[in-house]
Amino acid sequence: MAAKKTARKKKDPNAPKRSLSAYMFFANEQRDIVRAENPGIAFGQIGKLLGEKWKALDEAGKAPYEAKAEADKKRYELEKSEYAKTQA
DNA sequence: TCGGTGATTGTTTTT
DNA sequence: AAAAACAATCACCGA
């Protein structure tokens, strides 16, 4: 009951967007590391290798990324709150 | 009150 | 420029 890929669509006037994901923060670090350890790795492999490693970490490993994820969410809450005003 | 839906986020690489 | 694997998200709204 769920089949989507990319190219979503918008719908809000100001669209406060949402926020990032722990993966986004983690990927930010992995991108340098994974690719650094895999010089010449292809996107198809990096993406997968990245994902499996993501969880391969420990709770504490994703902690920093997770922590930023929640922090980023607050960021969105704020922009959304202001958007709710202007949109009203 | 409660659920699930959709929209979105960012990276990499490839063409 | 955009798309797809990779994962999380999670706030939003209505009935």
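Note on naming: letters A, B, ... go to the chains in the order of the sequence lines (proteins, then strands), and numbering restarts at 1 for each one.
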Proximal nucleotide (of [options]) relative to the [X] side chain:
X: A:M24; options: B:dT9, B:dT11, C:dC10; answer: B:dT9
X: A:N28; options: C:dA7, C:dC10, B:dG10; answer: B:dG10
X: A:L20; options: B:dT12, C:dA7, B:dG10; answer: B:dG10

Non-hydrogen side-chain atoms of A:Y65 and A:L57 separated by less than 4.5 Å: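 Side-chain contact under 4.5 Å: yes.
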First of A:F43 and A:K62 reached from the 5' end of DNA chain C, by closest nucleotide: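 It is A:F43, whose closest nucleotide lies nearer the 5' terminus.
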5' priority, DNA chain C, between A:L50 and A:E66 [closest heavy atom]: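 The residue mapped nearer the 5' terminus is A:L50.
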In this structure, how many angstroms lie between the [atom2] atom of [N] and the [atom1] atom of [X], rounded?
X: A:E37; N: B:dT11; atom1: CD; atom2: P; value: 20 Å
X: A:E79; N: C:dA11; atom1: CD; atom2: C1'; value: 12 Å
X: A:F25; N: B:dT12; atom1: CZ; atom2: P; value: 15 Å
X: A:K68; N: C:dT9; atom1: NZ; atom2: C1'; value: 16 Å
X: A:N38; N: C:dA5; atom1: CG; atom2: P; value: 19 Å
X: A:D72; N: C:dA11; atom1: CG; atom2: P; value: 11 Å
X: A:R75; N: C:dA8; atom1: CZ; atom2: C1'; value: 20 Å
X: A:D32; N: B:dT11; atom1: CG; atom2: P; value: 11 Å

Touch class at under 4.0 angstrom, heavy-atom based, for A:I41 against every strand present: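 A:I41: backbone/sugar contact only, no base atoms under 4.0 Å.
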side-chain hydrogen bond (donor to acceptor under 3.5 Å, both in side chains) partners of A:K62, counting only residues at least two apart: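 Scan of A:K62 (side-chain hydrogen bond (donor to acceptor under 3.5 Å, both in side chains), adjacent residues dropped) gives A:E66.
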A:G47 vs A:S21, nearer the 5' end of DNA chain B by closest nucleotide: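 Final value for this comparison: A:S21.
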Contact nearer the 5' end of DNA chain B, comparing A:Y23 with A:G44: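 The residue whose closest nucleotide sits nearer the 5' end is A:Y23.
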Set of residues satisfying side-chain contact (heavy atoms from CB on, under 4.5 Å) with respect to A:L50, sequence neighbours excluded: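 For A:L50, the residues satisfying side-chain contact (heavy atoms from CB on, under 4.5 Å) (neighbours in sequence not counted) are A:Y23, A:F26, A:Q30, A:V34, A:I46.
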Separation of A:E29 CD from A:K68 NZ (nearest 0.5 Å):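 Taking NZ in A:K68 and CD in A:E29, the distance rounds to 10.5 Å.
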Side-chain donor/acceptor contact of A:R18 with base of C:dT9 under 3.5 Å: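 Yes, the side chain and the base share a sub-3.5 Å donor-acceptor pair.
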Neighbour count >12 (heavy atoms, 6.0 Å) for atom CD, A:E52: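 More than 12 within 6.0 Å, yes.
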